[in-house]
Structures are given as structure tokens and as C-alpha cells.
Amino acid sequence: MYFDENTVLFLDGKWLKAAETKTSLYNQTLHYGNGVFEGIRSYETEHGPAIFKAKEHYERLLFSAKTMYIDLPYSVAELIQLSYELLQKNNLQNAYIRPLVYLGETMHLNPSEEVHVLLTAWEWDNYLGHQQIKLMTSPYQRPNPKAFHVEAKVTGHYANSILASTHAKRQGYDEALLLDMNGHVAEGPGANFFYEKEGVLYTCPCGSILPGITRATMFELCEQFEIPLKERYFTPEEVRGADAAFFVGTAAEVAGIYSLDDVPFTLEWEDSLGYQLYKAYQREVLEVEPVYIF
Ligand code: PMP
């Protein structure tokens, strides 16, 4: 699904066939989760494939690397250009781009100085599907922000996301909603959370979440469309039975939620502010002008 015999990827300055690429089984990222990554989308526009918020994503990659004491040998501008080349080489338009920074061999607990940069891409439909989803409040909290740089996209953090998501699915739900250490709603395993009550949207402040680039886009769109949006802490009790709710993220885009802990939201998705934002986001991603400098 992610690659076939024709897929070309970028690894450490070279363009290689994905099917023929190897990595060490002794690398630090595999053993201890010390690596950083991004999830980026490109969209087919009238000017060719355009990467949405490319600069923001690569700035975050560099930021994430810095939090883990990893020095990246590429600039934001270089990574953007390489990403466009990657799309071109694989003949991709609507694609998901996955940059991964992984480290070399060491079993010690300081970062290996061998830094590998991988860029790969594939076609990926909305990862939460197109149906409204059933959520459950997870018994797994988001990591303590004093234990991790939770605002960075570090591979090891995703063990927490996998745990919460797998647990929710085994209970018969589509996805989990994770709380922070104080019992306030934080976010989903791979997306930020918003809910609507009496014409106002709410989302939690930064602190225990990955501050998403799509979340920031929602703030911009709310301002543009004069949709009231408040950042504040709230509990799952306040969310259950509210008017509507949705997840936002690069992979999820804007995904409507049907219920939380079996209590449905009262509005039809199509009548909600989230749906307006979903439509606006679909337009916004097509307005990007691609910048190629080969
Ligand atoms: N939270 C988590 C834990 C995520 O993994 C993601 C996906 N990167 C998001 C939020 C949404 O972030 P973005 O909008 O930047 O994709």
C-alpha cells in the first residue's frame, strides 16, 4: 500500500527505489523511538500538485529535531524543493508526504550522530474514513508535558497514540479521545479536537497537545468567516451531548464526530459549524500555488 516496485524515495541525498532500500536493525529510532517525522499533504490543483503549508510542516520538523538534540542537515527551503521533486518522480498529485528523520546505530541513550533523512509519499485517503466517527474517552492520558516535548512530533510519542487508539477500537469505537493529566480533554491520537455549543466552537489550549497546523488553519478560517472560537479547558462531561464535534489534522482533514461515549451530538453534521469549516478547508487546500525550482 505504501510503495510498490516503482516507488522512488529520497534518502540521505540519493533517490532510491523504495523496494531496494535497506536500513540497520540496530538503529536508535527502531529500539528507543528517538526520531522525528511529519505528515504533509499535497493536493491536485489547476497549477499542478501543491503542498499545503509546506513551510509550517518543515519548520515543525526542524523544531521537533531540535527538541531531541538532533541536527538536521537540510533547510526548510531544501526540504520543500525535495518534496516537490519526490511528487514529480512518483507522478503523484493528491498525496501524503512522510518525512522521517531517523538515527544510526547505537544502544546508548544519547542521540546517535548519524542522522538519516527519508522523504517518501503515497496516495492516502482520509485516514478516519468518510463516515462520522464514534469516539470514546480514553483511559490513557496524553503524556505528561514535563516528561516529553509533547508539542514536537517525535516517533516515540506515538506509542501513546497507538495504545489509546487500539484500546478504543477493541471496545467497538472508531477512535479515542485523550485527556490531559488534569482530566481535561486534550486531543485524539492523531488529530486535534473541537466541539460546538450554542454557536461557539471550543478547543483546548496548547500544553498537552501537538499544536496542529490544521488547528491553526481552523483559527484562520474561523476569523475569516466570523465563527466564534474559544480556547479553553473543558471536560468530557461538557462535550457529551453538545451540538457537534470534529477532529482536524493533515491526514484526517476535518472529520465529523457522531458521538462521544455513546452520547450522540445533537446537530446533523451538515448543519454544524464543523461542516462549514470542512467545506472551507477543502477550498483552501486547492488555493495553494506550488513553487518549483528544479
Ligand atoms: N495531534 C497529533 C497527536 C497528531 O499526530 C497530529 C497529526 N500530525 C495532529 C494533532 C494534527 O496536526 P497537523 O494538523 O499538523 O497534521
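Ligands are counted one by one from 1 in listed order, and the atoms in each one are counted from 1 as well.
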Inset, instruction - Decide if the gap between the ring center of F148 and the ring center of H157 is smaller than 6.0 angstrom. - result: yes

Legend entry - Electrostatic pair R240:D261 at N-O distance under 4.0 angstrom: yes

Inset, instruction - Return a yes/no value for R60: is any of its N or O atoms, backbone included, closer than 3.5 angstrom to an N or O of ligand 1? - result: yes

Legend entry - Distance (rounded to the nearest 0.5 Å) between L11 CG and T23 OG1: 7.5 Å

Legend entry - atom 14 (O) of ligand 1 [closest protein heavy-atom partner, distance rounded to 0.1 Å]: T214 OG1, 2.5 Å

Legend entry - Ring centers of Y278, Y281 separated by less than 6.0 Å: no

Legend entry - Aromatic contact, F247 with F194 (centres under 6.0 Å): no

Legend entry - G212 neighbourhood, listing ligand 1 atoms whose heavy-atom distance to it stays under 4.0 Å: 12 (O), 13 (P), 14 (O), 15 (O)

Legend entry - Side chain, backbone, both or neither: the part of A251 lying under 4.0 Å from ligand 1 by heavy atom: neither

Inset, instruction - Check ligand 1 against N192 and write out every atom of the ligand that is under 4.0 Å from a heavy-atom position of the residue. - result: 10 (C), 11 (C)

Legend entry - Sidechain N-carboxylate O distance under 4.0 Å for E231, R215: yes

Legend entry - A191 and ligand 1 - part of the residue with a heavy-atom distance under 4.0 Å: backbone

Inset, instruction - Using non-hydrogen atoms of the residue, decide whether E56 is closer than 4.0 angstrom to ligand 1. - result: no

Inset, instruction - Name the closest protein heavy atom to atom 8 (N) of ligand 1, giving the residue it belongs to and the distance to 0.1 Å. - result: K153 NZ, 2.8 Å

Inset, instruction - Compare P189, A164, P211 and give the one whose heavy atom is closest to atom 3 (C) of ligand 1. - result: P189

Inset, instruction - Give the ring-plane orientation class for F234 versus Y195, where under 30° counts as parallel, over 60° as perpendicular and anything between as tilted. - result: perpendicular

Inset, instruction - Would you confirm whether the ring centroid of F37 sits within less than 6.0 angstrom of the ring centroid of Y158? - result: yes

Legend entry - Atoms of ligand 1 close to E187 [distance to a heavy atom under 4.0 angstrom, numbered from 1]: 1 (N), 2 (C), 3 (C), 10 (C)

Legend entry - Residue and atom name of the nearest protein heavy atom (relative to atom 16 (O) of ligand 1), distance in Å to one decimal: T250 OG1, 2.6 Å

Inset, instruction - Enumerate the atoms of ligand 1 whose separation from the nearest heavy atom of Y158 is less than 4.0 angstrom. - result: 2 (C), 3 (C), 4 (C), 5 (O)

Inset, instruction - Could you tell me whether R98 and E38 make a salt bridge, using a distance below 4.0 angstrom between a side-chain N and a carboxylate O? - result: no

Inset, instruction - Tell me which one of G188, G249, G190 gets a heavy atom nearest to atom 6 (C) of ligand 1. - result: G190

